[in-house]
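Shown next, in structure tokens, is the structure this report addresses.
All values derive from a computational prediction rather than experimental measurement. Any value given below was found using the heavy atoms of this structure, including those in side chains, with hydrogens, waters and symmetry copies removed.
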Amino acid sequence: MADRPTQILEAAARLIARRGVRGLRVEEVAAEAGVSTALIYYHFKDRGGLLRRTMEFINQRAVRYTDAALARSGDDPRTQLTDLLMLELQDTAQVRENSAAWGELQASAVFDPDLREQLAISTRAWVDDLAHLIRQARSTGPAAGPAAEAAAERLTALVEGLSGRWLSGTTSLGRAHELLQEAIALELGPRQPTTGRPAT
């Protein structure tokens, strides 16, 4: 069983994914988590603290499910990069909840400066991880191409945009996957052959 703070953060993420951030009250989170409001204030200080920690929790949960799947991706950096991005667009309850809640918190950061710092930290870490894989993937192929950090920023922004379109029903998950695969190919160039035969 999860400890109390984790139980509260899980409840907050569920509510945000289901109904958004605007109007979210600490009392609703307490009811969803089955705890007192006093306990939420004890652990998170105020509503802003709860939202910041929920954003951090959602990010850490995404890292856990992507890391677990990446362990099965092998040593090829291009495959790891592709899997890391594709895992953000999968039709599972946890990814849907994470993506919806992340999108809500990201949109709220436009109007809530307190959320911006956590958003910037999480986004920077994601971009840095991808840039590392992009540099590795390019070292095994042609050296030409844009800077790894810029490529990582474009790809993460694309995933966030595609996630919003998929969750809102304006594009299908299959189409989102196609567009992301095409973008990866544009950023990294054609996959190099593993044998001595020319690429097709």
* About how many Å separate OG1 of T79 and CE of M86, when rounded to the nearest 0.5 Å? -> 11.5 Å

* Structure fact -> Closest heavy-atom pair, I184 versus R78, reported as atoms and distance to 0.1 Å, is O-NH2, 4.4 Å

* Asked: How close do A30 and S36 get, heavy atom to heavy atom, and via which atoms?
  -> CB-C, 4.0 Å

* Asked: Are side-chain heavy atoms of L9 and L50 found at a separation under 4.5 Å?
  -> yes

* Using atom types as modelled and distance alone, determine if a side-chain donor or acceptor of H43 lies under 3.5 Å from a backbone N or O of R4. => no

* Asked: Is there a side-chain contact between W166 and D91, using heavy atoms and a 4.5 Å cut-off?
  -> yes

* Asked: Closest approach of L133 and Q80, non-hydrogen atoms and distance?
  -> CD2-OE1, 3.2 Å

* What closest approach, in Å, do A109 and L119 show between heavy atoms, and which atom pair accounts for it? -> CB-CD2, 3.8 Å

* Structure fact -> Output for pair (E88 CD, W102 CH2), nearest 0.5 Å, gives 9.5 Å

* **Atom CD of Q90 with >12 non-hydrogen neighbours under 6.0 angstrom** => yes

* Identify whether the distance between the nearest side-chain nitrogen and carboxylate oxygen of R124 and D128 falls below 4.0 Å. => yes

* Between T66 (side chain) and V63 (backbone), is there a donor-acceptor pair under 3.5 Å? -> yes

* Over all heavy atoms of both residues, which pair between A13 and A101 is shortest? Give the atoms and the distance, please. => O-CB, 3.9 Å

* Spatial distance of atom CZ (R116) from atom OG (S108) [nearest 0.5 Å] -> 11.0 Å

* If we ignore angles and hydrogens, is there a donor and acceptor under 3.5 Å between the side chains of S122 and Q118? -> yes

* Are L85 and V95 connected in a single hydrophobic cluster, I mean Ile/Leu/Val/Met/Phe/Trp/Tyr linked by side-chain heavy atoms less than 4.5 Å apart? -> no

* **Least distance between heavy atoms, E182 atom then R175 atom** => OE2-NH1, 4.3 Å

* Taking atom CZ of R138 and atom CG of L188, what is their separation to the nearest 0.5 Å? -> 6.0 Å

* What distance separates L24 CG from E28 CD, expressed to the nearest 0.5 Å? -> 5.5 Å

* Are E97 and R14 close enough, and set up right, to give a salt bridge (charged side-chain N to carboxylate O under 4.0 Å, His left out), and what steps lead you there? -> CA-CA 7 Å; E97 180 179 288; R14 275 195 307 275; 5.4 Å; no

* Is there a side chain to side chain contact (heavy atoms under 4.5 Å, CB included) between L155 and I134 once you walk through the steps? -> CA-CA 11 Å; L155 289 171; I134 289 168; 4.2 Å; yes

* Less than 4.5 Å apart, any side-chain heavy atom of T6 and any of E10? -> yes

* Find out if a path of hydrophobic residues (ILVMFWY) with successive side-chain heavy-atom gaps under 4.5 Å connects L130 to L87. => no

* **Connected via hydrophobic side-chain network under 4.5 Å: I58 and L162** => no

* Under 6.0 Å from the CG atom of D75, do we count more than 12 heavy atoms belonging to anything else shown? -> no

* Inspect the surroundings of CZ in R165 and state if more than 12 heavy atoms from other residues, nucleotides or ligands are less than 6.0 Å away. => no

* Okay, side chain of T156, backbone of E153: is any donor-acceptor separation there less than 3.5 Å? -> yes

* Asked: Under 4.5 Å between side-chain heavy atoms, hopping through other hydrophobics if needed: is there a path connecting F57 to Y65?
  -> no

* Asked: Knowing that exactly one of H132, R154, R135 qualifies, which makes a side chain to side chain donor-acceptor pair (under 3.5 Å) with E149?
  -> R135

* In the single-linkage hydrophobic clustering (I, L, V, M, F, W, Y; side-chain heavy atoms under 4.5 Å), do L105 and L167 co-cluster? -> no

* Asked: Is the shortest heavy-atom distance from the side chain of I121 to the side chain of W126 under 4.5 Å?
  -> no

* Could you grab the distance from atom CZ of R18 to atom CD of E104, nearest 0.5 Å is fine? => 13.0 Å

* Would you say D114's side chain and G48's backbone share a donor-acceptor pair under 3.5 angstrom? -> no

